[in-house]
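Taking it in order: structure first as structure tokens, then the write-up.
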2 protein chains.
Amino acid sequence: MNFQQLRIIRETVRRNFNLTEAAQALLTSQSGVSKHIRDLEEELGLEIFVRRGKRLLGLTEPGQEVVAVAERILLESENMMLLSQQFSKRDTGTLSIATTHTQARYMLPEVIAKFKADFPDVRLVLHQASPKEIAAILLEGSTDLGIATDALEDNAGIITFPYHRWSHGVVVPKDHPLLTSNTLTLEAIADYPIITYDEGLTGRTRIDKAFERAGIEPDIAMSALDADVIKAYVELGLGVGIIASMAFNANRDHGLVLLNSSHLFEENVSSLAVRRGRFLRSYVYRFIELLAPEITEQRVRRAELGR
Amino acid sequence: MNFQQLRIIRETVRRNFNLTEAAQALLTSQSGVSKHIRDLEEELGLEIFVRRGKRLLGLTEPGQEVVAVAERILLESENMMLLSQQFSKRDTGTLSIATTHTQARYMLPEVIAKFKADFPDVRLVLHQASPKEIAAILLEGSTDLGIATDALEDNAGIITFPYHRWSHGVVVPKDHPLLTSNTLTLEAIADYPIITYDEGLTGRTRIDKAFERAGIEPDIAMSALDADVIKAYVELGLGVGIIASMAFNANRDHGLVLLNSSHLFEENVSSLAVRRGRFLRSYVYRFIELLAPEITEQRVRRAELGR
DNA sequence: TATCCTTACGGAATTCGTAAGCATG
DNA sequence: CATGCTTACGAATTCCGTAAGGATA
């Protein structure tokens with residue numbers, strides 16, 4: 001058993017049991033991949049993969065256990081590398097963050113600027129992705145931090161820390177009829193076509209839920225990945241926008257007005273997430289503390305232990 | 001980084017930084033050991049060991065972390081082997097138990113007989129050792145189960161399950177004056193030389209504590225590793241014996257009488273212990289259930305997770 | 001001086017990749 | 001017939017052990 005064999009079976013699972021792809025991902029030959037798998041199976045005295053003829057189809061029952069252990073070993077071996085860099089290159093390296101558009105665009109810039117000032121030699125990599133993808137990326141182990149609003153919970157391999165509460169706002173053009181009424185209601189909004197986020201993004205579930213509870217079926221005329229797109233179409237008069245209120249900037253969004261709608265939609269909570277068991281360089285903890293001072297290194301370490 | 005390098009640094013620590021011994025323990029050459037260490041240090045970009053000239057003296061600060069990660073990786077790699085055997089050779093293998101004389105001699109024989117009947121192809125290895133050594137052996141990872149009365153607690157790497165309560169008894173020759181009095185007291189016992197267990201063994205601490213609390217300084221004339229030795233000397237008239245009452249057998253110990261002394265000494269609890277994170281073959285769980293039916297596989301697995 | 005670690009070096013073993021062959025859908 | 005896995009084989013690399021050299025207590 002060696003590390004390469006373990007990397008290979010892990011990658012084979014990730015690549016849907018396609019050895020050719022796995023070999024490419026690991027920068028090696030597919031013949032070697034094939035041989036390594038057979039060698040490992042022989043050494044362990046069992047079949048890891050279910051085969052039909054020459055094709056691999058899935059994991060056998062023992063194979064699932066074997067891969068689970070392999071994942072743990074590889075996680076620790078990656079920790080070994082991170083750990084040694086922590087000592088040999090204290091404040092240089094890479095901070096990798098997976099996050100959504102909204103966070104990247106409206107929440108992180110300030111924090112990242114501060115961080116860059118403190119750690120000029122740390123390379124920053126932002127993976128922009130959906131909350132679901134963020135969870136997958138975190139588990140995969142190429143990323144230190146995930147930041148998003150939805151769907152990061154309920155995974156034993158991920159620890160989340162809520163760090164910011166925010167609410168949706170309604171944006172309309174400056175001359176919109178909604179501006180005349182005193183209090184904003186769901187019914188009033190639903191009189192117009194609505195433009196908001198795609199499903200699963202930036203609290204979209206809260207929006208749907210609010211209308212559903214009120215027994216109103218809104219006309220979602222368009223949905224988009226980010227507030228910039230939404231605002232552009234609202235400006236064109238295509239409908240009423242519902243966005244995260246932090247995405248509105250009175251100075252830049254001249255033609256638009258933001259209406260407070262915190263009484264209409266449930267509050268949203270943005271969370272920060274880390275892979276359980278992954279070693280974090282000290283600058284990762286510093287970044288977290290810049291983003292949310294109450295989430296201290298100690299608190300994160302504590303959470304790693306419990307469950 | 002490869003497994004051999006990790007094994008080498010782990011063994012080097014265990015062998016007190018003597019590379020020659022480490023090489024012998026790993027059945028390899030000491031030049032190879034030396035080279036592997038240097039290679040690993042170079043790859044990680046840091047020094048694992050503190051050196052004076054050519055001698056290794058201890059671990060550097062990063063070295064401690066590195067070794068800790070190495071231990072986790074190696075633990076999992078051993079799990080990989082155990083796990084695969086679990087599938088490839090279901091009911092054959094080795095059950096390794098570290099235990100004290102008292103347990104091995106008086107508690108385990110019945111259970112082992114039953115176990116052997118259920119699992120004729122499982123080789124049984126009993127490591128007889130002191131409670132302290134048992135903890136060390138468990139942590140070292142060569143043993144599935146530890147069974148003892150004292151000193152297995154307070155180690156995060158070990159999980160203990162109390163499984164049996166017992167008390168000490170006093171053994172005297174058939175014609176001993178103590179047999180005439182009605183109720184046995186510590187004072188009465190202390191009138192005679194006492195023969196009992198060595199320090200740290202089989203509840204000896206409870207015996208000492210009882211006398212200390214009563215303000216009595218007993219004359220411990222002899223101490224031994226096991227009750228058989230103690231009984232032999234009591235039979236010779238050298239003193240009063242204090243032993244685990246399970247170690248007395250009316251049929252075999254003709255010349256002796258056992259006096260109940262459960263009111264004099266604190267009750268003892270024997271525990272069963274496993275290494276946290278070590279994979280246990282299913283027959284290990286079956287053995288545990290034979291020994292103590294209330295300690296189910298499920299309960300052990302639960303305890304592995306919490307802390 | 002006896003013990004212990006490092007370095008050098010040659011041989012053994014392992015690993016890797018190309019290429020050809022074969023199976024699958 | 002295009003994609004994907006296995007096997008064969010030679011090349012490259014890594015690993016290992018002997019032996020000699022040098023440091024340490």
Side-chain angles (χ1 to χ4, degrees), chain A residues 1-60 62-63 66-67 70 73-74 77 80-81 84, chain B residues 1-60 63 66-67 70 73-74 77 80-81:
Chain A
M1 183 171 75
N2 59 45
F3 285 104
Q4 180 71 342
Q5 290 169 342
L6 302 183
R7 273 190 293 268
I8 284 172
I9 61 171
R10 179 177 71 175
E11 200 62 33
T12 299
V13 174
R14 288 184 180 172
R15 303 282 162 173
N16 246 277
F17 310 101
N18 182 322
L19 298 196
T20 308
E21 276 186 45
Q24 281 165 359
L26 295 174
L27 305 173
T28 185
S29 69
Q30 131 254 49
S31 79
V33 166
S34 179
K35 181 143 203 320
H36 264 315
I37 289 176
R38 292 212 164 274
D39 287 349
L40 181 58
E41 287 184 325
E42 190 178 346
E43 179 178 350
L44 299 182
L46 48 80
E47 304 228 309
I48 297 171
F49 295 102
V50 176
R51 294 173 168 81
R52 172 149 59 226
K54 290 192 171 184
R55 306 280 166 116
L56 307 207
L57 297 179
L59 286 170
T60 62
V66 167
V67 169
I73 292 177
L74 292 170
S77 84
M80 187 76 93
M81 296 309 166
S84 53
Chain B
M1 184 172 71
N2 59 43
F3 285 104
Q4 181 71 343
Q5 290 169 342
L6 302 184
R7 273 191 292 270
I8 283 173
I9 61 171
R10 178 177 71 174
E11 200 62 34
T12 299
V13 174
R14 287 184 180 172
R15 303 281 161 174
N16 243 271
F17 310 101
N18 182 324
L19 298 196
T20 308
E21 276 186 46
Q24 282 164 359
L26 295 174
L27 305 172
T28 185
S29 69
Q30 130 254 47
S31 79
V33 166
S34 179
K35 182 142 201 322
H36 264 315
I37 290 177
R38 292 211 165 274
D39 287 348
L40 182 58
E41 287 184 324
E42 191 177 347
E43 180 178 350
L44 298 183
L46 48 80
E47 303 229 310
I48 298 172
F49 295 103
V50 175
R51 293 171 168 83
R52 173 152 58 227
K54 290 193 170 184
R55 305 281 166 114
L56 307 206
L57 297 179
L59 288 170
T60 61
V66 167
V67 168
I73 292 176
L74 292 170
S77 84
M80 186 76 93
M81 297 307 167

Handout entry: Phosphate contact (D:dT14 OP1 or OP2) by B:His36 side-chain N/O below 4.0 Å
Key = no
Exercise for the section: Looking at every strand, decide which applies to B:Phe49 at a 4.0 Å heavy-atom threshold: base, sugar-phosphate, or nothing. Expected result: nothing
Problem - Under-4.0 Å side-chain N/O to phosphate OP1/OP2 contact, A:Thr20 with D:dT3 - result: no
Practice task
Mark yes or no for whether A:Thr60, through its side chain, and A:Ile48, through its backbone, hold a donor-acceptor pair below 3.5 Å.
Solution key: yes
Exercise for the section: Determine, for nucleotides 18-25 of chain D in 5'-to-3' order, which nucleotides have protein heavy atoms under 4.0 Å from the base (write B), from only the sugar-phosphate (write S), or from neither (write -). Expected result: BB-BBBBS
Practice task
Find out whether A:Glu41 and A:Gln5 are in side-chain contact, i.e. whether some heavy atom of one side chain is under 4.5 Å from a heavy atom of the other.
Solution key: no
Exercise for the section: To the nearest Å, give me how far apart CD (B:Gln24) and C1' (D:dG17) are. Expected result: 14 Å
Exercise for the section: Would you check if B:Glu11 and B:Val33 make a side-chain contact, meaning some heavy-atom pair closer than 4.5 Å? Expected result: no
Exercise for the section: Could you check how far NZ of A:Lys35 sits from P of C:dT15, rounded to whole Å? Expected result: 8 Å
Fill in the blank from the handout: Terminal axes of the helix from C:dT1-D:dA25 to C:dG25-D:dC1 (5 end pairs apiece), angle rounded to 10 degrees, sit apart by 40°
Handout entry: Gap between atoms CZ and P, on A:Arg51 and C:dG25 respectively (whole Å)
Key = 14 Å
Handout entry: Distance-minimising heavy-atom pair for A:Arg15 and A:Ala25
Key = NH2-CB, 3.6 Å
Practice task
Search all heavy atoms of B:Ser77 against all heavy atoms of B:Phe3 and return the closest pair with its distance.
Solution key: CB-CE2, 3.8 Å
Problem - Closest nucleotide among C:dT15, C:dC16, D:dG4 to the A:Asn18 side chain - result: D:dG4
Problem - Between D:dT13 (P) and B:Asn2 (CG): distance, integer Å - result: 18 Å
Practice task
To the nearest Å, give me how far apart CD1 (A:Ile37) and P (D:dT7) are.
Solution key: 12 Å
Exercise for the section: Report yes or no: does A:Glu21 contribute a side-chain atom to a donor-acceptor pair with the main-chain N or O of A:Asn16 at less than 3.5 Å? Expected result: no
Handout entry: Close side-chain approach of A:Thr28 and A:Gln4, heavy atoms under 4.5 Å
Key = yes
Problem - Sidechain-backbone polar pair: A:Ser34 side chain, A:Gln30 backbone, donor-acceptor under 3.5 Å - result: no
Problem - Nearest-Å distance for atom pair CZ/C1', residues A:Arg38 and D:dA8 - result: 15 Å
Completion exercise
Separation of C:dT15 atom P from A:Leu6 atom CG, nearest Å, is 12 Å
Exercise for the section: Taking the side chain as every heavy atom from C-beta outward, state whether A:Leu19 and A:Ile37 have any atom pair closer than 4.5 Å. Expected result: yes
Handout entry: Between P of C:dT14 and CG of A:Leu40, the distance in whole Å
Key = 15 Å
